Amino acid sequence: MYRSHNCGELRMEHVGQVITLAGWVAKRRDFGAMTFVDLRDRYGITQLSFNEAYNQDLLNMARGLGREFVIQITGTVTERSNKNPKIPTGDVEIIVESMNILNTSLTPPFTIEEETDGGDDIRMQYRYLDLRRDNVRQNLILRHQVAKHVRQYLDHLNFIEVETPVLIKSTPEGARDFVVPSRMNPGQFYALPQSPQTFKQLLMVSGFDRYYQIVKCFRDEDLRADRQPEFTQIDCEMSFVEQEDILNLYEGMIQHLFKEVKGVDIGTLPRMTFDEAMANYGNDKPDIRFEMTFKYLTDLVKGKGFPVFDAAECVLAICADNCASYTRKQLDELTEWVKRPQIGAKGLVYVFCNADGTYKSSVDKFYSQEDLKAWAEKCGAKAGDLLLLLSGNTAQVRKQMSELRLEMGQRLGYRDKSVFKALWVIDFPLLEQDEESGRWHAMHHPFTSPKPEDMDKLETDPGAIRANAYDMVINGVEVGGGSIRIHDKVLQGKMFKVLGFSEDEARYQFGFLMNAFEYGAPPHGGIAFGFDRLCSLFGGADGIRDFIAFPKNNQGRDMMIDAPSNLDQKQLDELSIGLKS
RNA sequence: GGUGUGGUAGUUCAGCUGGUUAGAAUACUGCCCUGUCACGGCAGGGGUCGCGGGUUCGAAUCCCGUCCACACCGCCA
């Protein structure tokens, strides 16, 4: 036994006990005749005390300890004369009676403290040291808690966790696949799953009724702060259920998680149709921690001689509370912000709702006080508010205004990370049209069932068909999405046809699923949650990297092990692979 | 594929209207210090200013190219 206790558990009640601890030297405070050492392990920090009055040899040894040396000590728990209220073990210290240096350490390249001096680059390169930091470790503990409570909730509801294969078949739909060459089948490749979608549907055909899996998924697309090439999903599927059953069950799951992990009651999740979300928030994952919803001024602004608005398909406004005090400089800066290429607005029109009831706008040349008053009323603006208007093509202006709304929400402090607002977005369109090719593709995936009442539009107006598809959105983050699936072979065939698959292509790629559907496929549906995102949301972070033990960087590289890497010629030959020079 | 920001000591950064020997903080090393917990004091070592080219009497600083990191857009069924 290397230790009798850990570095986070000793308290006043242990005073007098002789204990043994093992851990890392976090810090040494040397006073010559006495030295304090902060000993760290996973559980906390305990102060060790060395004093020439007790033992000169041990003191000398302690003064030679470097940061991150691994030591084992035995000593007596003693009440401190000067207590430290900042740490849980701050009432006691250990008068060390023997010490064993288990290992030395090089000086770490950055400080291993909550507020480290290390940047992302160096932290990732030495991730094993970064993980010694309390806050990163807490993130992984949080991740464990979330996983544990997911399993707990689903286990109690008769779900079975089934593993599905990682070496599967590439499909051209959706994201790019990571591929793995097959040595035994020269010239052929496995693909890593983007999700276990088809397998979980096959499990439903097999009668597994209620399935889940906390599972790695792989997508070979560009990374973001909240996107990694390998990420984890809570993947779920159920048989003999309707959309309503699924929404209720997983609403229960998210409530359970918030209660158990955060001690928060998030209440009932409101439901919003996709159309409502787009109209009021310009976004299919609205952040409903604050209002500032879109107001349509198109009819009010036309015909007054302002050419920009007269030519616009859509004129949108949002009302920023108490922002009439904005300076010209601030508005100019905001105008530049919406004109950035990433947003792409042509300009920004603003209206001050002054305290005295008058209005001052950037388009006073064209609009009277009465006009501006009508706008303000339409927007529900009060004195002291600021209206921000954008105009243009409906889809574009909604997107731009959505960005502006989120930015203003951020600036006004409405996007508080300790507040959680969840909702369901439902009735997604089944299909989306590719702007360039004009081809239809599935908005969710090709196995999503259309709403029965929209089925007749399959040939006439595919874009208007709504799907039995739903997303769970929390604080503007899409944390999960799913659908009721097609379980009928004929309908699935029709879908493939609409999506531009020939019969041969459909059979080649999804024949196994079509075949399975010939043998009594039950009605089924499911959902998948982005586990990493859920954890980062719980942790109040924007990115998911610090909730993953060993993440990849922006270029998809693992900076610690330096992957990906080259293969030598022998390996390539064995795989029958030739590289382009 | 695109846009932006950055790359200077182990680390985080300042310096950038060109001009002696490139600074600070922190970390590190040594000495002093008996109650610290962001200990304190004194001293010290530490630099290919990402890399390549150009302009110039002179470049960390200006220009071009390139690599790397981060954020975003496209992309992510």
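Here is the naming used below: chain letters follow the sequence lines, and residue numbers restart at 1 for every chain. The shown structure was predicted, so the numbers you read here are calculated from the model rather than taken from an experiment.
- Between A/Asp222 and A/Arg176 no salt bridge is recorded (no basic side-chain N to carboxylate O distance below 4.0 Å).
- Taking a cutoff of 4.0 Å between a charged side-chain nitrogen and a carboxylate oxygen, A/Glu333 and A/Arg411 qualify as a salt bridge.
- A distance of about 22 Å separates the C1' atoms of B/U11 and B/C16, rounded to the whole Å.
- For B/C70, the OP1/OP2 oxygens have a side-chain nitrogen or oxygen of A/Arg545 closer than 4.0 Å.
- Comparing the same atom, C1', in B/A24 and in B/C49 gives a spacing of 16 Å after rounding to whole Å.
- Between A/Phe218 and A/Phe178, the ring-plane angle classifies as perpendicular under the 30° and 60° cut-offs.
- Comparing B/G41 with B/U26, their P atoms are spaced 9 Å from each other, to the whole Å.
- Geometrically, A/Lys169 does not engage A/Phe189 in a cation-pi contact defined by less than 6.0 Å to the ring centre and at most 45° from the axis.
- Of the N and O atoms on the side chains of A/Thr76 and A/Glu97, at least one donor lies less than 3.5 Å from an acceptor on the other residue.
- The C1' atoms of B/C13 and B/G6 are separated by 12 Å, rounded to the nearest whole Å.
- Nucleotide B/C37 holds its C1' atom 15 Å from the CD1 atom of A/Ile94, rounded to whole Å.
- Separation of the C1' atoms belonging to B/G52 and B/G10 is 26 Å when rounded to the nearest angstrom.
- Between A/Arg219 and A/Glu230 there is no salt bridge, since none of the side-chain N atoms of the basic residue sits less than 4.0 Å from a carboxylate O of the acidic one.
- At least one donor-acceptor pair closer than 3.5 Å links the side chain of A/Gln194 to the backbone N or O of A/Ala175.
- Taking atom C1' on both B/C76 and B/G18, the two are 47 Å apart, rounded to the nearest angstrom.
- Summarising the base pairing, B/G74 is matched to no nucleotide, lacking a Watson-Crick or G-U wobble pair whose two defining distances lie under 3.5 Å.
- You'll find that the side chain of A/His441 is closest to B/A77, out of B/A77, B/U11, B/C39.
- Note on ring orientation: taking the six-membered ring where Trp is involved, the planes of A/Phe496 and A/Phe447 are perpendicular (angle over 60°, cut-offs 30° and 60°).
- Summarising the base pairing, B/U26 is matched to B/G10 through a Watson-Crick or G-U wobble pair whose two defining distances lie under 3.5 Å.
- A donor-acceptor contact under 3.5 Å is formed by the side chain of A/Gln342 with the base of B/C72.
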Return a single string for nucleotides 28-35 of chain B, one symbol per nucleotide in 5' to 3' order, where B is base contact, S is sugar-phosphate-only contact and - is none, cutoff 4.0 angstrom on heavy atoms.
S----BBB
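- Between the CG atom of A/Asn84 and the P atom of B/A38 there is a distance of 7 Å, rounded to whole Å.
- The main-chain N or O of A/Arg11 is never found under 3.5 Å from a side-chain atom of A/Asp91 such that the two would form a donor-acceptor pair.
- The base of B/G74 lies close enough to the side chain of A/Arg224 for a donor and an acceptor atom to sit less than 3.5 Å apart.
- The partner of B/U17 is absent, by the rule that a Watson-Crick or G-U pair needs both atom distances under 3.5 Å.
- Residue-level contact check: A/His444 touches the bases, meaning some heavy atom is under 4.0 Å from a base atom.
- Taking each heavy atom of A/Lys216 and A/Thr232 in turn, the nearest pair found is CE-OG1, 3.7 Å.
- Taking the nucleotide of RNA chain B with the nearest heavy atom to each of A/Pro341 and A/Asp121, the more 5' of the two is matched to A/Pro341.
- Side-chain atoms of A/Asp222 lie closest to B/C75 of the nucleotides B/C75, B/C37, B/C70.
- Between the P atom of B/C68 and the CE atom of A/Met124 lies a distance of 18 Å, rounded to the nearest Å.
- Between A/Asn554 and B/A71 there is a side-chain N or O to OP1 or OP2 distance below 4.0 Å.
- Atom C1' of B/G65 sits at a distance of 26 Å from the matching atom of B/A22, rounded to the whole Å.
- Taking atom NZ of A/Lys27 as the reference point, atom C1' of B/U26 lies 10 Å away to the nearest angstrom.
- Contact annotation for A/Ser195: base contact, defined as any heavy-atom pair under 4.0 Å involving a base atom.
- A sub-4.0 Å separation between OP1 or OP2 of B/A38 and a side-chain N or O of A/Lys86 is present.
- Between A/Lys399 and the phosphate of B/G74, there is a side-chain N or O to OP1/OP2 separation shorter than 4.0 Å.
- B/C70 and B/G15 are spaced 24 Å apart, taking the P atom of each and rounding to whole Å.
- Rounded to whole Å, the distance from CG on A/Asn553 to P on B/C72 is 14 Å.
- A donor N or O paired with an acceptor N or O is found under 3.5 Å between the base of B/C76 and the side-chain atoms of A/Arg227.
- Checking B/G65 for Watson-Crick or G-U wobble geometry (two distances, each under 3.5 Å) identifies B/C51 as its partner.
- In this structure, the CD atom of A/Glu115 is 13 Å from the P atom of B/A38, given to the nearest Å.
- As rounded to whole Å, 17 Å separates atom P of B/C76 from atom CD of A/Gln197.
- Taking for each of A/Gly90 and A/His445 the nucleotide of RNA chain B with the nearest heavy atom, the 5'-most of the two is the partner of A/Gly90.
- Between the CZ atom of A/Phe428 and the P atom of B/A77 there is a distance of 13 Å, rounded to whole Å.
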